[in-house]
Enquirer: 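My questions all concern the structure below.
What you are looking at is a predicted structure, and each value in this text was computed from that prediction instead of being measured. Each chain gets a letter, A, B and so on, in the order the sequences are listed, and its residues count up from 1. Computed over heavy atoms, backbone and side chain alike; hydrogens, waters and symmetry mates excluded.
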Amino acid sequence: MSFMDRFVSGWRKHRQAATDDDFDYAWTMSIDLDRCTGCGACVTACQAENNIPLVGEKELAGGREMQWIRIERYWEGEYPNAKLSFIPMMCQHCDSAPCETVCPVSATYHNQDGLNTQIYNRCIGTRSCAVYCPYEVRFFNYYDHHWPAPLDQQLNPDVTVREKGVMEKCTFCIQRIRQAKDHAKDEGRRVADGEVQPACVQTCPSEALVFGDRKDPNSNVSKSINDPRAYHVLGELNTRPSVVYLKKVDADVV
Amino acid sequence: MVSHAIGLFHDPESALHAAGQLKSAGFAQPEIMSPVPIHGVEEVLGPKKSVIKRFTFFGGIFGALGGFALAAGTAVMYLHPTGGRPIITIPPFLIISYEMTILCGILATVLGFLISARLPVFRERIYVPETAVDKFGVTVPCDSDEQFSDAERILEQAGAEEVRRLGDPS
Amino acid sequence: MSSEQKPMQYSDVNDDIVRSLVVTGRKYYITLAIAVTVMVTCFYFPWFYQLYYGIGAAGMNNPTVWGTYLASFIFWIGLSHSGTLLSCVLHITNSEWRKAMYRSAEAMTLFSLLVAVTMVMVHLGRPWFIHWAAPYPNQMELWPNFRSPLLFDVIAITTYLTGSLIFIYMGSIPDFAAVRDRTSGWRYHLYVLLSLGWRGTDTEWHRLGWAYTFLAVLIIPLAVSVHSIVSWDFAMSIVPGLHQTIFAPYFVVGAIYSGTAGIVTVMFVLRKYMNFEHFITKIHFDNLGKLLLLLSLLWSYINILELFTAWYGGTSTEYEQLRYKLTGYYSPLYWEMILFCAVAPLLLISKKIRTSFVPMLILSIVINIGMYTERFLIIATTLSRQYLPESWRLYTPSMVEISILVGSLAMFITLFLLFVKIFPSVSIYEVKETMPKPQKKNGDRSW
Amino acid sequence: MNVSIVPTLRVLRPAATVALVGLIGIIAGFYANATLFTDTSPEQPIAFSHKIHAGDNEVPCLYCHVQARRSISAGVPSVNKCMGCHLEVATDRPQIRLLANYWDTKEPIPWIKVHDLPDFVHFTHKRHVQAGIECQTCHGPVETMAVVSREAPLKMGLCLNCHKDNAVENGTDCWTCHK
């Protein structure tokens, strides 16, 4: 009887698809393309915060770049009437992430913060997640990276240095989220809005990037994702990303 | 001491005929040893029932249930929500179940074959190497010399090229 | 079994096959030495280098994170497909012409599967942790992710490997017994163990017949599922060009296609160098040729379907993918594939070609080159052109990858060479079954 | 003629024995390597005895490992902390002279880490101390050890079992412990 009850209730519970409501937080980033100047400060900040190796010129040309966030640049027209548009692209932390289901060893999964996470030391390097990711934001360690002498002193102790053969990607600076949650737990409250900022958000000079919990209706990010300009990149794929872009208002069009 | 009479035949028909004769003469169940599977044994020596199909069937069912239980059970044991899907995601688990059905079915079939064909052979059994090349052998156990000469007579009448007496080692 | 000079006898079959196991010429040793050398230098050395250096030794880059290793994996899995599958289908349909060739076809399945598994090891970033993909209780209390198509692959290939091994072994038990009586020394002991004490009694034959048929029935759906699952590694993604419902049948047909071509190649080699002219005849090549023609037409049909739906659907990503496939950087390879796999096999319509050995050999090799290209293109063209144009990047295999490809071929040859000296490479009892039964000849003792 | 696989098995018995012994040897060697030859109690630069301090004199753990309750790392006490007592206590002992030597030359003591976790593990002492977990749960009865040795295996299973037993919030989430 009790076994059957437990079985039935467990079955019901685990047959439900995971939604935002099941998670403690729903960390979200909004990127206002109207404010973004494409300066690349976020790229550098991310590089420094997350122990991302500098692969060097040769490997970069060979396509083994390591950039958890990148500025995609698209040129339209010919010089001198060329027009440049750009968009910062990083892991979208999709709620229906294609990369998660494909990993044979569950090295990537959705955690209780609603983040799409990657456990480096569980990864066996099938690279299937990178194939399945439509945003091309997963990066593979093609070899062991080394930091030349002074640079090894600036490695972040809260972030692992990844081994060769391991996939990695943007974590929304989960080490900072963890720290903020730790403080909040000491004080017995939830993480307040603005208390945690990933390195890219912190460093963005034009404040184009806003980060916060979309479960909190009063947070800055909740307000900005309700903006009529808000959209998801490749939204038609129904990956339900946690990164929201605010469309650039084009002066020529308006 | 139990010994065996074995008659070697050139063709399967004579061997089958000899086996039928031996059986109707009241000998214990004769065995036919042949280089190729021969047809018509059941008409002569009585129907054969194989338990292998039951092994295959139950092995398959075990695999189907076990495969699903493996996938669903391990998913519940350590929760990893992936891709916005439920923890117990039925369609992919059915594929695991399908593959495990076949795997367990195959393994059970092998087990059934080994058990029902009484292989591998640990206690020595009589054997004539020619029957693996081009001879068809018919053997019966004989308790006594009289029985052996009876068997020898029947075998030779049926057209045996040669009749041997082999001691049962056990 | 037809033979021109004098009718074959049961004992001739045993003689021929025992000879093929026991008598080893210098040619064999030289070939084996070359194969082993190539395997070690072209496969293991580069692989160890890659293990030390990282996957960076291969030419893969960021959008194209899969490369020739995975193409080789599909290729070898595909090559494995017609052996056991074909053998099972022909066994169930009681085809006489299967009997002389099925053993080596099944061996092909087994060894190409082994090579495919090795290719997975080569492909992985951290192969030393591959055991994490297996479900076993561990202190981490972690299990593999059963929702992953790659894990379906692990389960399916394990099952297929087990099934093929058991199928080829079970069919060989009577032959091991026959060989056991004619050998001595270590071979004798090996065959005693392998034959399990088989005596060929009516009961044993009866049980073997049932078990063998059940295995065949189980393996047919298994083989179909294995390559469907391999295709799902791709088709379950949302990458344009990969996310296609047609992929499972496409891969299955392609697998049987390249596998059948592989059988033709192996048959040719066995016939030529193992002196099996009695057993492997024009009939086999004719039948295999017909099968190849049918499969090539099916394959072309599916290819046309794929192009047509992509063109008619006309979504931007699909259309771009189509355009890139037909006219882009990799298009010469595409047209080579069409030429090799769709056009050239049309020659098989002529019986003259089907029954002549050398053209069949050439065609079978050409088809397999084409099929390798197909697998390479599936990965290279789609991964280098995905949704975001900023990350479009071409992929060229590095020397390490090419060397490992050559080495894997040598590994297959090595395994096969070892096989022909251990397994009777033509089934003794099944060949005998195809021969006229000994008839009653009272009084005549000359046989 | 008779047939049986037993004679062959007899012939193969020496080979099988060798294989079996080899297999057992490999497995035993593996475990021996993991248990016997792993240095769980390395020799420290100063023969500091937890038995004397924490055991006999009942100095609380957190008196010296003062950061444990408010930071990730429990921390090794500074030489300053040691000298707080040992300027007065037992100054004539040879080991204390060694300590005083470090004090005089203003150098830290190069302690060797006994409980070392891999770099990809995030373990915070603060959470565990605040949750009221005894230090001994993971570190073993340190107060009885003259030389500290690692008692618990410090494998993932250890953490996980405890987290499951105590129903820790998000206790089995990978990112709770991995980084």
Side-chain angles (χ1 to χ4, degrees), chain A residues 18 22-25 27 49-51 91 93 100 103 105-123 141 144 152 155-163 165-188 190-191, chain D residues 34 38 62 65-76 78 108 110-133 138 152-179:
Chain A
D22 301 334
F23 298 135
D24 302 344
Y25 294 90
W27 298 109
E49 168 75 16
N50 289 304
N51 298 344
C91 175
H93 292 272
E100 286 173 358
C103 179
V105 293
S106 289
T108 179
Y109 74 103
H110 230 65
N111 87 340
Q112 287 302 312
D113 289 352
L115 296 177
N116 174 310
T117 58
Q118 172 79 19
I119 305 299
Y120 310 118
N121 53 308
R122 177 71 174 172
C123 179
N141 284 276
D144 275 328
D152 57 353
L155 289 176
N156 187 346
D158 290 335
V159 180
T160 327
V161 172
R162 278 81 56 183
E163 195 196 8
V166 166
M167 195 56 81
E168 62 182 62
K169 66 168 193 70
C170 161
T171 60
F172 271 175
C173 287
I174 195 166
Q175 65 278 11
R176 296 185 175 201
I177 295 175
R178 177 152 61 195
Q179 213 166 14
K181 280 172 79 179
D182 201 46
H183 283 305
K185 194 170 183 176
D186 285 344
E187 293 163 20
R190 280 174 69 83
V191 177
Chain D
T38 313
L62 293 178
H65 300 286
V66 68
Q67 292 106 314
R69 81 190 108 188
R70 48 188 144 99
S71 106
I72 284 180
S73 121
V76 179
S78 59
W111 297 110
I112 295 160
K113 211 168 178 183
V114 178
H115 294 86
D116 196 5
L117 289 172
D119 286 347
F120 50 72
V121 176
H122 165 88
F123 176 84
T124 154
H125 276 89
K126 166 181 147 183
R127 266 297 138 241
H128 293 83
V129 173
Q130 287 189 359
I133 312 277
C138 302
L154 298 186
K155 289 258 168 94
M156 184 170 156
L158 183 84
C159 308
L160 211 53
N161 282 336
C162 192
H163 278 194
K164 279 187 177 169
D165 292 346
N166 297 315
V168 178
E169 187 195 352
N170 295 344
T172 56
D173 188 67
C174 309
W175 271 93
T176 300
C177 305
H178 286 291
K179 61 181 184 182

Enquirer: Using heavy-atom distances under 4.5 Å, tell me whether A:Gln112 contacts chain D through its side chain, its backbone, both, or neither.
Expert: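 Contact with chain D: backbone and side chain both.
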
Enquirer: Measure distances from D:His122 to the heavy atoms of chain A and classify the residue's part below 4.5 Å as side chain, backbone, both or neither.
Expert: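 Contact with chain A involves the side chain of D:His122 alone.
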
Enquirer: For a quick test of reading the model, state the closest non-hydrogen atom pair linking D:Trp175 to A:Tyr120 and the distance between them.
Expert: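 Distance-wise, the nearest heavy atoms are CH2-CE1, 4.3 Å.
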
Enquirer: Pick one of side chain, backbone, both or neither for A:Asp182, based on which atoms fall under 4.5 Å of a heavy atom in chain D.
Expert: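 The answer is both parts of A:Asp182.
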
Enquirer: Counting heavy-atom pairs closer than 4.5 Å to chain D, which one of A:Arg122, A:Lys181, A:Gln118, A:Gln175 comes out on top?
Expert: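 Between A:Arg122, A:Lys181, A:Gln118, A:Gln175, the count favours A:Gln118.
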
Enquirer: Drop me the distance from A:Gln179's CD to D:Ile72's CD1, to the nearest 0.5 angstrom.
Expert: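 The CD atom of A:Gln179 sits 7.0 Å away from the CD1 atom of D:Ile72.
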
Enquirer: Is there side-chain contact between D:Glu169 and A:Asp24, with heavy atoms separated by less than 4.5 Å?
Expert: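 With C-beta onward as the side chain, the pair touches.
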
Enquirer: Can A:Asp186 and D:Arg127 be counted as an ion pair, charged N to O under 4.0 angstrom?
Expert: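 Between D:Arg127 and A:Asp186 there is a salt bridge, with a charged N closer than 4.0 Å to a carboxylate O.
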
Enquirer: Is D:Lys164 atom NZ crowded by more than 12 heavy atoms from other residues, nucleotides or ligands, each under 6.0 Å away?
Expert: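 Counting neighbours around NZ of D:Lys164, more than 12 heavy atoms of other residues, nucleotides or ligands fall under 6.0 Å, so yes.
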
Enquirer: Please lay out, stage by stage, how A:Arg178 and D:Lys179 fare under the test side-chain contact (heavy atoms from CB on, under 4.5 Å).
Expert: CA-CA 10 Å; A:Arg178 177 152 61 195; D:Lys179 61 181 184 182; 3.3 Å; yes

Enquirer: Would you say that more than 12 heavy atoms from the other residues, nucleotides or ligands in this model lie under 6.0 Å from the CG of D:Asn166, or not?
Expert: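 Atom CG in D:Asn166 is packed in, count exceeds 12.
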
Enquirer: For D:Asp173 versus A:Asn111, what's the shortest heavy-atom pair and its separation?
Expert: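 It is OD1-CB, 3.1 Å.
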
Enquirer: Using side chain to side chain contact (heavy atoms under 4.5 Å, CB included) as the criterion, point out the one residue from A:Ile119, A:Thr160, A:Val159 that pairs with D:Phe120.
Expert: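 Answer to the side chain to side chain contact (heavy atoms under 4.5 Å, CB included) test with D:Phe120 among A:Ile119, A:Thr160, A:Val159: A:Thr160.
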
Enquirer: Between A:Asn121, A:Ile174, A:Asp158, which has the largest tally of heavy atom pairs under 4.5 Å with chain D?
Expert: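 Among A:Asn121, A:Ile174, A:Asp158, the one with the most close pairs to chain D is A:Asn121.
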
